[in-house]
Protein chains: 2
Amino acid sequence: MLEGKFEQASLLKKVIESIKDSVKLCNFNCSAEQGITVQAIDDSRVLLIALKMDAGCFQEYRCDRDLVLGLDLESLGKILRQGNNDDYLTVIAEDTPDKLLVVFEDKKKDRISEFELKLMDIDSDVLSIDDMDNDCSITLPSAEFAKIARDMKTLSESLQILVTKDSVKFAAEGTIGNGSVILKPHTDMDEPDESIRIDLNQPVNLTFGAKYLNDIVKATALSPTVTIKLTDKAPALFEYRLPSGYLRYYLAPKFEDEE
Amino acid sequence: MLEGKFEQASLLKKVIESIKDSVKLCNFNCSAEQGITVQAIDDSRVLLIALKMDAGCFQEYRCDRDLVLGLDLESLGKILRQGNNDDYLTVIAEDTPDKLLVVFEDKKKDRISEFELKLMDIDSDVLSIDDMDNDCSITLPSAEFAKIARDMKTLSESLQILVTKDSVKFAAEGTIGNGSVILKPHTDMDEPDESIRIDLNQPVNLTFGAKYLNDIVKATALSPTVTIKLTDKAPALFEYRLPSGYLRYYLAPKFEDEE
DNA sequence: ACGCTTTGGC
DNA sequence: GCCAAAGCGT
């Protein structure tokens with residue numbers, strides 16, 4: 001059987017909130033060694049989501065044999081919203097499960113809430129993703145990236161990201177006008193998460209669909225920083241680190257003729 | 001060229017937020033002596049808005065020759081929302097401009113956001129408004145007036161304002177019931193902005209469209225107090241003072257047969 | 001376009 | 001913890 005206990009219900013809640021607008025149904029793969037992993041492609045088949053929650057995400061984690069749990073994220077989200085953020089949260093499944101058991105326990109009060117979520121059979125191909133070398137890597141406060149993505153979407157459906165050795169520029173061109181935000185790297189000793197870091201092998205100039213970036217930044221609450229890895233003409237990686245694991249988004253850039 | 005730098009982006013942001021729901025397009029008149037002035041009539045041609053931002057509103061102000069900037073306030077609002085309230089904000093236009101450049105600079109970080117907003121040709125007549133004598137003038141906390149305007153709108157489409165020497169009464173009559181708020185003048189030494197002051201030459205009894213009053217009180221954030229000048233059978237003036245300048249609304253009263 | 005809900009700032 | 005502003009949904 002699977003039994004995973006989160007110290008804070010909020011962790012799983014935020015994870016599901018981060019991806020449920022992109023993906024309706026997906027398989028959670030559970031194993032003893034890997035913890036829980038998910039790979040899913042959004043309904044328009046443009047955005048690939050890779051989640052990894054290692055055993056370290058859990059206060060207790062046990063998985064007797066590998067399981068695939070087919071979940072409706074909308075339904076799971078409804079259930080997760082019923083717990084309080086700092087409840088204990090335990091997810092339980094039998095070895096040949098037809099349902100997922102979700103249990104909240106209030107840390108102080110004698111309150112236990114239990115939910116059974118029906119599982120589904122979901123087709124999915126698991127792609128192997130090479131951890132290739134990137135032209136550049138940018139780490140910045142996730143909230144700052146989220147604001148840029150949201151703001152620029154008001155101007156255009158496309159967001160261009162240009163990285164040079166000493167700056168990253170986000171630019172949008174739309175009918176009402178053009179806009180750009182330029183960030184320069186800096187190290188904030190007092191608040192390291194506020195730092196902006198650019199590691200560059202080669203300058204890049206890529207354009208992405210603003211809609212997908214807005215889906216991606218829903219993960220902002222999961223981590224104070226986000227790391228963006230870009231390579232010319234290749235899918236970009238946006239990574240939010242979990243206490244132990246990650247939530248990664250892979251997004252293909254737009255090409256010139258479709259911008 | 002025009003170059004105006006605000007110490008706080010929030011000032012222009014609040015001004016635009018205050019008027020953009022009433023007026024979609026309007027001309028900003030820029031000159032060396034007058035600073036930036038706007039006169040606009042709301043889309044239903046009932047409410048007249050007069051804005052004056054003197055050079056004193058700016059940290060730096062330069063205007064080589066008179067300019068008229070035709071702006072879409074909705075678009076400008078989108079751009080202004082992208083800055084942080086205490087960013088520096090600089091607006092720049094060439095002498096024969098086809099666009100307005102809007103630049104935010106974070107005071108601490110190395111962040112610069114630039115936007116180009118396309119300008120438009122907008123017809124507009126500038127009316128001359130006599131600064132006539134009024135029957136009475138009332139100054140009260142802007143938040144208090146805003147609450148009255150909002151609350152009374154739930155009762156009726158019309159709000160009656162009755163002023164006598166020692167009180168101002170706001171009254172609404174509607175199908176669910178009638179309501180009134182009576183304020184008496186008082187001077188608050190500790191918090192002068194909380195004072196209520198009535199200067200009266202002659203009692204007045206006027207009725208206004210509640211909808212327009214609700215548009216007017218969107219300017220509440222601009223000033224802790226509002227001054228209302230009323231004259232029988234003449235447009236009322238609602239004035240919010242800026243650091244250096246003002247935002248004024250002129251609203252014609254309803255007449256008996258249309259109430 | 002308005003109201004409600006969620007998120008961020010004080 | 002409370003209040004205000006921004007974003008989302010109807």
Side-chain angles (χ1 to χ4, degrees), chain A residues 9-10 13-22 74 77-78 80-86 108 140-155 157 179 181 191 193-194 210-226 240, chain B residues 8-25 42-44 46-47 72-87 89 104 106-109 113 141-144 146-147 149-157 209-224:
Chain A
S10 56
K13 190 168 161 181
K14 287 176 189 167
V15 166
I16 301 304
E17 293 288 335
S18 299
I19 61 181
K20 78 172 170 48
D21 291 332
S22 306
E74 185 65 33
K78 280 183 185 168
L80 292 176
R81 254 176 263 133
Q82 314 205 17
N84 297 314
N85 285 339
D86 60 347
K108 298 170 211 160
L140 74 163
S142 56
E144 195 157 352
F145 177 57
K147 180 165 168 53
I148 291 168
R150 274 188 264 108
D151 287 347
M152 291 297 185
K153 184 166 180 284
T154 66
L155 297 181
E157 290 177 4
V181 177
E191 302 191 65
D193 290 341
E194 291 299 308
K211 169 187 188 302
Y212 300 104
L213 295 172
N214 273 260
D215 287 335
I216 290 170
V217 300
K218 299 207 164 102
T220 300
L222 281 170
S223 168
T225 64
V226 59
Y240 295 84
Chain B
Q8 304 272 343
S10 55
L11 176 58
L12 185 60
K13 190 168 160 180
K14 286 177 191 168
V15 165
I16 301 304
E17 293 288 336
S18 300
I19 61 182
K20 79 173 171 48
D21 290 332
S22 306
V23 179
K24 287 201 177 56
L25 308 174
D42 88 301
D43 301 329
S44 62
V46 172
L47 187 60
D72 175 331
L73 297 185
E74 184 66 32
S75 304
L76 179 58
K78 278 183 184 172
I79 287 174
L80 292 176
R81 254 176 263 135
Q82 313 204 17
N84 296 313
N85 286 339
D86 60 348
D87 285 352
L89 165 60
F104 297 100
D106 190 297
K107 277 165 184 156
K108 299 170 213 160
K109 296 176 210 157
S113 314
S142 56
E144 194 158 353
K147 180 162 170 51
R150 274 188 263 108
D151 289 348
M152 291 298 187
K153 183 166 180 284
T154 65
L155 296 180
S156 166
E157 289 178 5
K211 170 187 188 304
Y212 299 104
L213 295 172
N214 274 260
D215 287 335
I216 291 170
V217 300
K218 299 205 164 102
T220 300
L222 281 170
S223 168

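Every chain is numbered from 1 and lettered A, B, ... according to where its sequence line falls, protein lines coming before strand lines.
- Rounded to an integer number of Å, the gap from CD of B/E17 to P of D/dA6 is 7 Å.
- Scanning for side chain to side chain contact (heavy atoms under 4.5 Å, CB included) contacts around B/A219 gives B/S18, B/L222, B/Y240, B/L247, B/Y249, with sequence neighbours left out.
- Nucleotide D/dG1 holds its P atom 13 Å from the CG atom of A/N85, rounded to whole Å.
- The distance from atom CG of A/N214 to atom C1' of D/dG7 is 11 Å, rounded to the nearest whole Å.
- Taking atom NZ of residue B/K14 and atom C1' of nucleotide D/dA5, one finds them 12 Å apart after rounding to whole Å.
- Atom C1' of nucleotide C/dC4 and atom CZ of B/R150 are separated by 15 Å, given to the nearest angstrom.
- If you measure from atom CD of A/E194 to atom C1' of C/dG8, you get 13 Å, rounded to the nearest angstrom.
- Going from atom NZ of A/K218 over to atom C1' of C/dT7 covers 15 Å, rounded to whole Å.
- Side-chain N or O atoms of B/D87 include none that pairs as donor or acceptor with a backbone N or O of B/L89 at under 3.5 Å.
- Judged by distance alone, the side chain of B/T220 and the main-chain N or O of B/A143 form no donor-acceptor pair under 3.5 Å.
- Annotation: ring pair (Phe, Tyr, Trp, His ring centres under 6.0 Å) contacts of A/F145 (sequence neighbours excluded): A/F238.
- In this structure, B/K13 atom NZ and D/dA5 atom P are separated by 10 Å, rounded to whole Å.
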